[in-house]
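Values in this document were obtained by computation on a predicted structure and should not be read as measured data.
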Amino acid sequence: MENDTYGGAFMYHMEDNKIAIGYVVGLDYSNPWLSPFEEFQRWKTHPNISWYFKNNHGEVNAKRLGYGARAITAGGLMSLPKTVFPGGALVGCDAGYLNVSRIKGSHAAIKTGMLAAESAYEAIVAGRQHDELSAYPEAFEASWLYTELNKSRNFKSWFKKGLTVATLMNGFEQFVLRGHIPWTLRRDKADHTYLKPAADCPKIDYPKPDGKLTFDRLSSVFISNTNHEENQPAHLTLKDASVPVSINLAKYAGPESRYCPAGVYEYVKNEDQSDRLQINAQNCVHCKTCDIKDPTQNIVWVTPEGGGGPNYTGM
């Protein structure tokens, strides 16, 4: 999948209003010491951001109400998987129909839902209930949504070449060429392949949370109302239980303990002082960052049983 990003968000209550703030980190970062969650906390301390949470006396007068995180497929048209299969179809953000250049996806979710529904209706009327909805992707390619996403297909990929290049080229493609672009940028590396050995990167020391503007992971997960039945099958497993310690910890300093925004992955000591990876699956907020960023692709994420997970009542 091209151009995956981690997105974190907090909901705050300020006097009579509620505000939601979000932070996005590209998952092709190379420093294993980086923590998207901690970067989000540090970002809130910037004067231009913290100003929104303070009163006239410079005191934080906002109350944290909710927290959530997820991985976003930001590659648009270049990231779309096969969207139909026998008995079902992928629509909206599940498929990756986000227009990242406009930071909009609701209209795409509605349109693809309509296209899929129309195709399903035609299939049922024709007695083809068990076939793939081939009419759905065909209808998408003939729609205004395809035209819209096609015009911005290079937007995110240009940023892999630097902010200056991205600004100039996106401006040229959209304002000069009006989206009629004769070239297409393609990526040949998955996000997890960008991670460098920890010894080759500067270690990042993040400040402790103050409990007012910045917070720790576990208290944030608590207000996401995440819940999984204790006796359900584990939805997070490892292909090889030895890999986290022998490779991830030894070479990358255990990045799963940092890229996970919910404290699911934790390195603990055995009785003989050897290390092991403990998976706290009950904390999972289903962001799927681990499935994307694990440098050894050893983590297997599957849909939990019974609809367990976060319940974003305040967001």
Would V285 end up clustered with V300 when hydrophobic side chains under 4.5 Å apart are linked, directly or stepwise? no
Rounding to 0.5 Å, atoms NZ (K288) and CG (L236) come to a distance of 10.5 Å
Q) Under a single-linkage definition using a 4.5 Å side-chain heavy-atom cutoff for Ile, Leu, Val, Met, Phe, Trp and Tyr, are L163 and L168 assigned to the same hydrophobic cluster? A) no
The reported gap from OG in S246 to CG in D240 (rounded to nearest 0.5 angstrom) is 7.0 Å
Taking K44 for the side chain and L213 for the main chain, is one N or O donor matched with an acceptor at less than 3.5 Å? yes
Donor-acceptor pair between E256 and Y267 side chains, under 3.5 angstrom:
yes
Do N248 and D294 have side-chain atoms, one donor and one acceptor, less than 3.5 Å apart?
yes
- Any side-chain heavy-atom pair from W144 and H107 closer than 4.5 angstrom? yes
So does N154 get a backbone contact from the side chain of S157, meaning a donor-acceptor N/O pair under 3.5 Å? no
Exercise for the section: Could you state whether V268 and L249 fall into the same hydrophobic cluster, counting links through intermediate Ile, Leu, Val, Met, Phe, Trp or Tyr residues with side-chain heavy atoms under 4.5 angstrom apart? Expected result: no
Could you check if a side-chain atom of Q41 sits within less than 4.5 angstrom of a side-chain atom of R217, using non-hydrogen atoms only?
no
key: T73 side chain near S79 side chain, heavy-atom distance below 4.5 Å   = yes
Checking the side chain of N298 only, and the main-chain atoms of K239 only, is there a donor and an acceptor separated by less than 3.5 Å?
yes
Original post:
Does a salt bridge link D191 with K293, judged by any charged N lying under 4.0 Å from a carboxylate O?
Top reply: no
inquiry  = Could you check whether any side-chain N or O of H46 sits under 3.5 Å from a backbone N or O of N48, counting only pairs where one atom can act as donor and the other as acceptor?
reply    = yes
Check: Less than 4.5 Å apart, any side-chain heavy atom of T167 and any of W158?
Finding: no
side-chain contact (heavy atoms from CB on, under 4.5 Å) filter on S30, not counting sequence neighbours, yields K196
On a heavy-atom basis, the closest approach of P209 and T214 is CA-OG1, 3.2 Å
Task: Side chain to side chain, F222 and L218, heavy atoms closer than 4.5 Å - done: no
Side-chain contact test, heavy atoms from C-beta onward, threshold under 4.5 Å: evaluate it for I181 versus Q174 and give yes or no.
yes
Notebook entry, point to check: Does a side chain donor of either E39 or Y206 reach within less than 3.5 Å of an acceptor in the other side chain?
Noted result: yes
Rounded to the nearest 0.5 Å, the CD1 atom of I21 sits from the CZ atom of F40 at a distance of 4.5 Å
Salt bridge check: are K111 and E148 linked by an N-O gap of less than 4.0 Å?
no
- Message: Tell me whether T193 contacts the main-chain N or O of K189 through its side chain, where contact means a donor paired with an acceptor under 3.5 Å.
- Response: no
Self-check item: Side chain R42, main chain F37, donor-acceptor under 3.5 Å
Solution: no
When every non-hydrogen atom of P261 is compared with those of A69, the smallest separation belongs to CG-CB, 3.7 Å
Nearest heavy-atom contact between I292 and Q297 is O-NE2, 3.4 Å
Between L195 and N31, the two heavy atoms sitting closest are CD1-C, 4.2 Å
Rounded to the nearest 0.5 Å, the CZ atom of F155 sits from the CG atom of L185 at a distance of 12.5 Å
Assess the pair Y259 and Y29: is the distance between their ring centroids shorter than 6.0 Å?
no
In this structure, OG of S152 is separated from CE of M78 (nearest 0.5 Å) by 11.0 Å
- Task: Give the C-alpha distance, both sets of side-chain angles, the deciding distance and a yes or no for side chain to side chain contact (heavy atoms under 4.5 Å, CB included) between T83 and L133.
- Result: CA-CA 9 Å; T83 56; L133 297 178; over 6 Å; no
- Message: Ignoring hydrogens and geometry beyond distance, is a side-chain donor-acceptor pair present between N99 and R102 at under 3.5 Å?
- Response: no
Can any side-chain N or O of W43 pair as donor or acceptor with the backbone N or O of Y23 at less than 3.5 Å?
no
(message) Under a 3.5 Å cutoff, is there a donor and acceptor pairing between the side chains of D216 and S219?
(response) yes
Heavy-atom closest pair (V245 atom, R276 atom, distance to 0.1 Å) is CG2-CA, 3.8 Å
Among side-chain atoms of S220 and R64, is any donor-acceptor pair under 3.5 angstrom? yes
With a 4.5 Å cut-off on side-chain heavy-atom distances among I, L, V, M, F, W and Y, is there a chain of contacts connecting M114 to L149?
no
Backbone N or O of Q282 within a donor-acceptor pair of the N280 side chain at under 3.5 Å?
no
Review point. Would you find a donor on one side and an acceptor on the other, under 3.5 Å apart, between the side chain of D272 and the backbone of S274?
Key: yes
For residues I103 and I49: do they belong to one hydrophobic cluster (side chain heavy atoms under 4.5 Å, members Ile, Leu, Val, Met, Phe, Trp, Tyr)? no
Tell me whether the rings of W183 and F172 are parallel (<30°), tilted (30 to 60°) or perpendicular (>60°). parallel
Q.
Do H180 and E173 pair up side chain to side chain, a donor and an acceptor below 3.5 Å, judged on atom types alone?
A. no
- Task: Please confirm whether the backbone N or O of L90 pairs with a side-chain atom of Y136, one donor and one acceptor, at under 3.5 Å?
- Result: yes
To the nearest 0.5 Å, atom SG of C290 lies from atom CD1 of I299 at 5.0 Å
Here the pair of heavy atoms bringing E122 nearest to A135 is OE1-CB, 4.4 Å
*Angle class for the H228/H235 ring planes (parallel below 30°, perpendicular above 60°, tilted otherwise)?*
parallel
